[in-house]
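Read through the structure below, which is laid out as structure tokens, and then see the notes.
Predicted, not measured: the structure shown is a model, and the values here were computed from it.
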Amino acid sequence: MSHDEEHIMSTSEKLVRMANQIADFFHSKPREEGVAGVAEHINKFWEPRMRRQLFDLLDGGTENFNELVVAASAKIRRPITPAEADLRLGLEASPADVAASQK
């Protein structure tokens, strides 16, 4: 068994890999169509928690991402935090939600 086979991917690594696989598919399209395709796919099929983590990773640096993912990020819907959702519902944000949104 090789070292690569022994490596267990973290959730973050899996998200980067999945986003890059989507971008690889759209690289055969004209650039703007590819950017739009990556954004549309992620908006349609990734749940808010996945998109929130994607943006956390992108905000931390884009070096691991395919350039189409980086370009598409401007068209991907950024999910609101749990604290923002509470406030929109007229509720007081819980301390745990506030702490999570400040990470």
Looking at Glu47 and Arg51, does any basic side-chain N land under 4.0 Å from a carboxylate oxygen?
no

Do Trp46 and Ile22 have side-chain heavy atoms sitting under 4.5 Å apart?
yes

Tell me if a side-chain donor or acceptor on Asn43 pairs with a main-chain N or O of Lys75 at a distance below 3.5 Å.
yes

I would like to know whether Ile76 and Phe55 meet side chain to side chain contact (heavy atoms under 4.5 Å, CB included); could you show each step before the answer?
CA-CA 9 Å; Ile76 297 171; Phe55 280 108; 3.8 Å; yes

Got a list of side-chain donor-acceptor pairs under 3.5 Å for residues 57-65, not counting sequence neighbours?
from	atom 1	to	atom 2	distance (Å)
Asp59	OD1	Arg78	NH2	3.3
Asp59	OD2	Arg78	NH1	3.1

State, to 0.1 Å, how close Ala19 and Leu54 come at their nearest heavy-atom pair, and which atoms those are.
CB-CD1, 4.4 Å

Qualifying residues under side-chain hydrogen bond (donor to acceptor under 3.5 Å, both in side chains), relative to Arg17, sequence neighbours excluded
none

Heavy-atom distance under 4.5 Å between the side chains of Asn66 and His27, does that happen here?
yes

Between Gln53 and Thr11, is any side-chain donor less than 3.5 angstrom from a side-chain acceptor?
no

Shortest non-hydrogen contact from Pro79 toward Pro48
CG-O, 3.2 Å

Report yes or no: do Ile42 and Phe25 belong to one cluster of Ile/Leu/Val/Met/Phe/Trp/Tyr joined by side chain heavy-atom distances under 4.5 Å?
yes

In Å, rounded to the nearest 0.5 Å, how long is the span from CD of Glu40 to NZ of Lys44?
4.0 Å

With a 3.5 Å distance limit and no angle check, can you tell me whether Glu13 reaches the backbone of Ser10 through a side-chain donor-acceptor pair?
yes

Flag the pair Glu67 and Arg31 as a salt bridge only when some basic side-chain nitrogen lies within less than 4.0 angstrom of an acidic carboxylate oxygen.
yes

If you take all heavy atoms of Ala72 and Val38, which pair is closest and at what distance?
CB-CG1, 3.6 Å

For Ala23 versus Leu68, what's the shortest heavy-atom pair and its separation?
O-CD1, 3.6 Å

